[in-house]
Amino acid sequence: MIGIVGGGLSAAKVVEGYREAGGTEAITIWSQDPHGPYHRPPLSKRLLRGEAEATDALVHPVDWYAEQGVDLRLGQRLPSLDDIDAGTIVIATGARPRALDGALALRTLDDSLELRRRAGEASRAVVVGGGFIGLEVTASLTQLGVQVTQIVRDEQVFAALQAPALSAALHERYREHGVDLRLGASDIPDGSDFVVAGVGVEPNIELGSDAGLEVRSGIVVNERFETSKPGVYAIGDVAEFFDPVFGRHRRIEHWSNAAYHGTTLGRILAGEDAHYDIVSVFFSEQFGRSFKAFGDPLGHDTTALEGDFRDDRAVLRFLREGKAVGAVTTGLDADAENELKDEIRAGAAPGPKGQIRL
């Protein structure tokens, strides 16, 4: 039997990958969430705005799991690894939001539905945080007619991306939409109907540390997602995995990473010679505009900008010793995105201006 602890996107993708690759063992999934595995991106966007309902966010209908030979145990306490009678164990416990006293969090489907209910009764709200969750929540609430004050500790939004050109364009856009954007601030003003915290997450590493697994920023795994204990794997937000593109361990907290981890591990468990081998990507959407980040900008020493984020067509490359290691983009077609990923994978110097078609 395969035992999966955690019921998010990664868990569903393990089942998909495993069955598609011919795996036949029984699978049990333990989840504290009362809902079957679902996609998180809609929680701060379409679901929050009322453009989608809870069932639209599900990865699969709940009865699909039984059809796949999966015992899906929802709303249950997660067992310790010692309690699981399985030849293979997968830790897919994800992450939890950092708490802020008196503030709502947005991590689960029920969080999103509650926030949508509150927005329907409110006129003013405060959102704390200038990362992608904070920005998406502010955009969605504003589109619902709520006046939002956004408190950002840093002097720019998306500070972690180190992309001033993108941040400056977003400052203008949010203020144009009536957001009271307060940069370099920490005080929460009085008079709001509710406060939402978007100040990051912490990985749920406790099962791994209690079992004596190697843990750093997350549960450490190799390129095949196996932990320091044979037969025990970790994927998604909780895993600090080896990225062969950059030759180091990383931990990534985004939808595309969770999906890829799960599918790849499923194929590994079914006997395929699979491993992590992509240029990582994440996306964000605010006020109808989408942005994507590729690769790993940490440690870059310079940047190069083509286009203008204000015009919704731009590429900001992150360079290390003249070689592309990451990028933030908007408005690119699929071919241009693939060219950019190839450039990052190869660690190549950017070509002449205009190589990426804007």
Side-chain angles (χ1 to χ4, degrees), residues 6-16 29 31-65 72 74-75 92-97 103-122 125 127 129-146 148 150 158 170 174 177 179 194 196-201 235-237 252-263 280-293 330:
L9 174 64
S10 288
K13 290 297 183 181
V14 170
V15 176
E16 282 186 23
I29 297 175
S31 176
Q32 291 179 314
D33 202 299
H35 304 281
Y38 50 83
H39 299 284
R40 295 191 190 277
L43 306 188
S44 57
K45 300 187 261 306
R46 296 183 65 245
L47 185 66
L48 175 53
R49 294 194 296 265
E51 299 164 5
E53 296 304 325
T55 53
D56 298 322
L58 295 177
V59 182
H60 296 288
V62 172
D63 57 7
W64 177 87
Y65 296 90
L72 181 60
L74 300 176
T93 47
R96 59 185 178 273
L104 301 171
L106 179 58
R107 182 66 180 176
T108 70
L109 193 154
D110 286 339
D111 290 339
S112 181
L113 294 176
E114 173 62 13
L115 185 53
R116 187 169 82 181
R117 185 190 68 79
R118 296 280 192 104
E121 302 172 349
V127 176
F132 74 99
I133 288 294
L135 290 172
E136 290 174 359
V137 168
T138 289
S140 291
L141 292 178
T142 300
Q143 289 170 265
L144 290 173
V146 179
V148 180
Q150 184 147 19
F158 268 143
L170 290 174
Y174 274 64
H177 281 86
V179 175
F194 59 87
V196 184
V199 291
V201 299
I235 52 174
D237 294 3
I252 300 177
E253 300 166 350
H254 298 294
W255 176 92
S256 55
N257 187 69
Y260 184 79
H261 276 198
T263 301
S280 57
V281 58
F282 84 86
F283 63 92
S284 182
E285 177 259 306
Q286 306 107 32
F287 294 116
R289 272 85 167 188
S290 295
F291 304 92
K292 292 185 179 181
T330 189

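Position 1 is the first residue of the sequence, and the numbers go up from there.
Within the 4.5 Å cutoff, the side chain of Thr142 has heavy atoms near those of the Val179 side chain. For the pair Val14/Ile29, no side-chain contact is recorded, criterion being any heavy-atom separation below 4.5 Å from C-beta on. Between Lys13 and Ile235 the shortest side-chain heavy-atom distance does not fall below 4.5 Å. Pro37 has its side chain out of reach of Leu9: every pair of non-hydrogen atoms, C-beta onward, lies at least 4.5 Å apart. Using a 4.5 Å heavy-atom cutoff, the side chains of Leu104 and Asp111 are not in contact.
The CG atom of Leu47 sits 5.0 Å away from atom CG of Leu113, with the distance rounded to the nearest 0.5 Å. Between the CD atom of Glu53 and the CG atom of Leu109 there is a distance of 10.0 Å, given to the nearest 0.5 Å. For the atom pair CD (Gln32) and CG (Leu74), the distance works out to 11.5 Å, reported to the nearest 0.5 Å. Atom NE2 of His261 is separated from atom CG of Asn257 by 3.5 Å, given to the nearest 0.5 angstrom. Taken from CG in Asp110 to CG in Leu115, the straight-line distance is 12.5 Å, to the nearest 0.5 Å. Here the CD atom belonging to Gln286 is positioned 9.5 Å from the OG atom belonging to Ser140, to the nearest 0.5 angstrom.
In plain terms, the two heavy atoms of Ala125 and Leu141 that are nearest each other are CB-CD1, 4.3 Å. When all heavy atoms of Ile252 and Ser280 are compared, the closest pair comes out as CD1-CB, 3.7 Å. In plain terms, the two heavy atoms of Ala12 and Val59 that are nearest each other are CB-CG1, 3.9 Å. In plain terms, the two heavy atoms of Leu48 and Leu43 that are nearest each other are CB-O, 3.3 Å.
In terms of modelled atom types and a separation under 3.5 Å, the side chain of Ser31 and the main chain of Gly6 share no donor-acceptor contact. No side-chain donor-acceptor contact under 3.5 Å links Ser44 to the backbone of Ile133. Using a distance-only test at 3.5 Å, with no hydrogens or angles considered, a donor-acceptor pair links the side chain of Ser10 to the main chain of Ala258. Using a distance-only test at 3.5 Å, with no hydrogens or angles considered, a donor-acceptor pair links the side chain of Gln150 to the main chain of Gly129.
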Self-check item: Check against side-chain contact (heavy atoms from CB on, under 4.5 Å), Glu16 and Trp64
Solution: CA-CA 11 Å; Glu16 282 186 23; Trp64 177 87; 3.9 Å; yes
Exercise. Might you work through the salt bridge (Lys or Arg N to Asp or Glu O under 4.0 Å) test for Arg107 and Asp237, ending with a clear yes or no?
Key: CA-CA 13 Å; Arg107 182 66 180 176; Asp237 294 3; 2.8 Å; yes
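Within 6.0 Å of CH2 on Trp255 lie no more than 12 heavy atoms contributed by other residues, nucleotides or ligands. The number of heavy-atom neighbours closer than 6.0 Å to CZ of Arg49, taken from other residues, nucleotides and ligands shown, is above 12.
Ring-plane geometry between Tyr38 and His35 is classed as perpendicular, the angle between the planes exceeding 60 degrees on a 0 to 90 degree scale with a lower cut at 30.
Of the candidates Glu285, Glu51, Gln143, Glu136, Lys45 forms a side chain to side chain donor-acceptor pair (under 3.5 Å) with just one, namely Glu136.
Residues forming a ring pair (Phe, Tyr, Trp, His ring centres under 6.0 Å) with His254 (at least two apart in sequence, or on another chain): Phe132, Phe282. A search for ring pair (Phe, Tyr, Trp, His ring centres under 6.0 Å) contacts involving Phe287 returns Tyr174, His177, not counting sequence neighbours.
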